[in-house]
2 protein chains.
Amino acid sequence: MLRNHKKIPEPTIERLPLYSRPLEELLKAEVPVVSSDTLAKLCGVNPAQVRKDLAYFGEFGVRGVGYEVASLLKEIKKILGTDRKWRLCLVGFGNLGSALFENHNFRRRGYTFVAVFDSDPAKIGRILENGIVVEHPKKIKEAVPRLHIQIGVIATPPFKAQRVAEMLFSAGVRAVLNFAPIQIRKPECCVVENVDFTISLENLAYHLAKLH
Amino acid sequence: MLRNHKKIPEPTIERLPLYSRPLEELLKAEVPVVSSDTLAKLCGVNPAQVRKDLAYFGEFGVRGVGYEVASLLKEIKKILGTDRKWRLCLVGFGNLGSALFENHNFRRRGYTFVAVFDSDPAKIGRILENGIVVEHPKKIKEAVPRLHIQIGVIATPPFKAQRVAEMLFSAGVRAVLNFAPIQIRKPECCVVENVDFTISLENLAYHLAKLH
DNA sequence: CCTTCTATGTGCAAAAATTCACAATAGCTG
DNA sequence: CAGCTATTGTGAATTTTTGCACATAGAAGG
Ligand SMILES: NC(=O)c1ccc[n+]([C@@H]2O[C@H](COP(=O)([O-])OP(=O)(O)OC[C@H]3O[C@@H](n4cnc5c(N)ncnc54)[C@H](O)[C@@H]3O)[C@@H](O)[C@H]2O)c1
Ligand SMILES: NC(=O)c1ccc[n+]([C@@H]2O[C@H](COP(=O)([O-])OP(=O)(O)OC[C@H]3O[C@@H](n4cnc5c(N)ncnc54)[C@H](O)[C@@H]3O)[C@@H](O)[C@H]2O)c1
């Protein structure tokens, strides 16, 4: 048994969400069982990789048959914590922030915005979906414990992002999704994920330039 | 000399944009020279990594001194093709699409939207910044060569994304930035980068769940 | 109940990426 | 201009990740 001995590689964690997407499709299409080969093709990875990744967490497959779609999906969600609900707050209700807030993919996957903060007086007080009211960021300190906010999403201008992050951390938030194109300094105990589209664009540009 | 012999590792390419961000800050602050140690700390990576990554492309540093900020930044931009201008089109002018279009970071980095496509009749004909008019996606075929579009950005609903991608590829686009949460099938010769925030969120949830 | 068939789980080897550690070398100082 | 210092560039060691290859186990059919 692999699962009890070794720690789980980061790339494995990053591939699990990749597997869960085609699995959701298969579930919808009422396909009962999937092989590592098929799943691998759907995700564009190696079949052995799929089996090994899954084996870190348990024996989910049946030899000679494959993986039962519904139960595998459930297991992956359990591993990722996606079977739980997570409560988020949004800081920065601008173009990007409002697109994030209005996107129902997040809620469908268990990520619910329960508070929105913005420093613009023109936006403070505005009433959004689910009765959420835009508040000044100075309310973060008080709102995080009261609303049990677990994840902070930063969509402010870059030069405000570090300060906002610090407010979130000191209010008790341990995980931050940061859309501002800067490197956030964080306490040891906290996790930060950066999303930066321009990095993806620069990657594309590099590969394009090579194909001349 | 490393640079002529080995092919460049993908992770190296992915780190270059990371280096360029603090370098821009340093340039603005008129810091003339930076050591691999300092740059590494700013980016949260190992200093030897910085040196090795850069050495793949040339000898940019001065022993005993460090790297000249301005010229290093210029070199990185040259490598990434960010010194060139790139012409993009946007397909899907919804919440996310319009946030992308209105974000001036892209243009500042040399990525300019020169066309916007959306299938919604209520949006077609709308006039945006720089005189760009929202057009029906059936115009892609004709617009790509005429406007020399090099990169397509997909921000349509997921179930439309594959079809849109095919229209882009067959019109001659070789690089696609895809925001829809599906795996795009692509011809050998083309490059696709996927941006999926929910993967980042699932990562955060996993790490949070571990810290319980 | 035994045989056959199929796809998993995993030991092991290969490949890739990271990090160490140090010789090489540029600049500075006296 | 010799010696000293700082920091690069890189070969070698280490760690991590991937992929092969096959023994293993469940299912199905005779
Ligand atoms: N829009 C995009 O497509 C896009 C793409 C990549 C990155 N980003 C980044 O995301 C961030 C937001 O982008 P945007 O386009 O939504 O910008 P925006 O200007 O539309 O919105 C920023 C919002 O943050 C608010 N704000 C400013 N200071 C604040 C503070 N201290 N506390 C709380 N709120 C504050 C502003 O009032 C505004 O509503 C930026 O850092 C941007 O670089 C955006
Ligand atoms: N909004 C977000 O924060 C967010 C986050 C993650 C992922 N996404 C993904 O990005 C995509 C767009 O999200 P959104 O929130 O902007 O959705 P949206 O519904 O606001 O916008 C989608 C737009 O695409 C247009 N469209 C539909 N079919 C089209 C076609 N065949 N050709 C051209 N245009 C077409 C629609 O008219 C609409 O304007 C979705 O796939 C979504 O899952 C969005």
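Convention: sequence-line order gives letters A, B, ...; per-chain numbering from 1. Just so it is clear, the values below take in all heavy atoms, side chains as well, and ignore hydrogens, waters and symmetry mates.
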Just how far, in rounded Å, is P of C:dG9 from CD of A:E75?
-> 12 Å
Rounding to a whole Å, what distance do you find between A:D37:CG and D:dC20:P?
-> 11 Å
Determine, stepwise, if the pair A:Y206 / B:V191 fulfils side chain to side chain contact (heavy atoms under 4.5 Å, CB included).
-> CA-CA 10 Å; A:Y206 172 79; B:V191 208; over 6 Å; no
Tell me: CZ of A:F60 to P of C:dG9, nearest whole Å?
-> 9 Å
Whole angstrom is fine here: how far is it from CD in B:E68 over to P in D:dA6?
-> 22 Å
Taking C:dT19, D:dA27, C:dA17 as options, the one with an atom nearest any side-chain atom of B:P11 is C:dA17
Can you tell me if A:K141 uses its side chain to pair, donor with acceptor, with the backbone of A:S170 under 3.5 Å?
-> yes
Please figure out whether B:G66 or A:D53 has its closest DNA chain D nucleotide nearer the 5' end.
-> B:G66
At under 4.0 Å, does any side-chain N or O of A:R15 touch on OP1 or OP2 of D:dT18?
-> yes
Checking B:E193, B:R174, B:E10 against A:H207 for side chain to side chain donor-acceptor pair (under 3.5 Å), the one that qualifies is B:E10
For A:Y67 and C:dG9, is the shortest distance between a side-chain N/O and OP1 or OP2 below 4.0 Å?
-> yes
Nucleotide D:dC20, atom P - distance to CZ of A:R51 in whole Å = 10 Å
Measure from CZ on B:F57 to P on D:dT10 and round the result to the nearest Å.
-> 14 Å
From the options C:dA7, D:dA21, C:dA17, select the nucleotide whose nearest atom is closest to the side chain of A:A48.
-> D:dA21
Over how many whole Å does the gap from B:L39 atom CG to D:dT8 atom P extend?
-> 10 Å
Could you go step by step and tell me if A:E25 and B:Q183 meet the side chain to side chain contact (heavy atoms under 4.5 Å, CB included) rule?
-> CA-CA 12 Å; A:E25 298 296 318; B:Q183 191 73 12; over 6 Å; no
Angle class for the B:F106/B:F113 ring planes (parallel below 30°, perpendicular above 60°, tilted otherwise)?
-> perpendicular
Along DNA chain D (nearest heavy atom to each residue), the more 5'-positioned of A:Q49 and A:V62 | A:Q49
Counting side-chain heavy atoms from CB outward, which of D:dT10, D:dG19, C:dT8 is closest to A:K52?
-> D:dG19
Could you tell me whether the side chain of A:R63 has a donor or acceptor atom within less than 3.5 Å of a complementary atom in the base of D:dT24?
-> yes
Are any of B:S36's side-chain N or O atoms less than 4.0 Å away from OP1 or OP2 of D:dT7?
-> no
Gap between atoms CG and P, on A:L54 and C:dG9 respectively (whole Å) = 8 Å
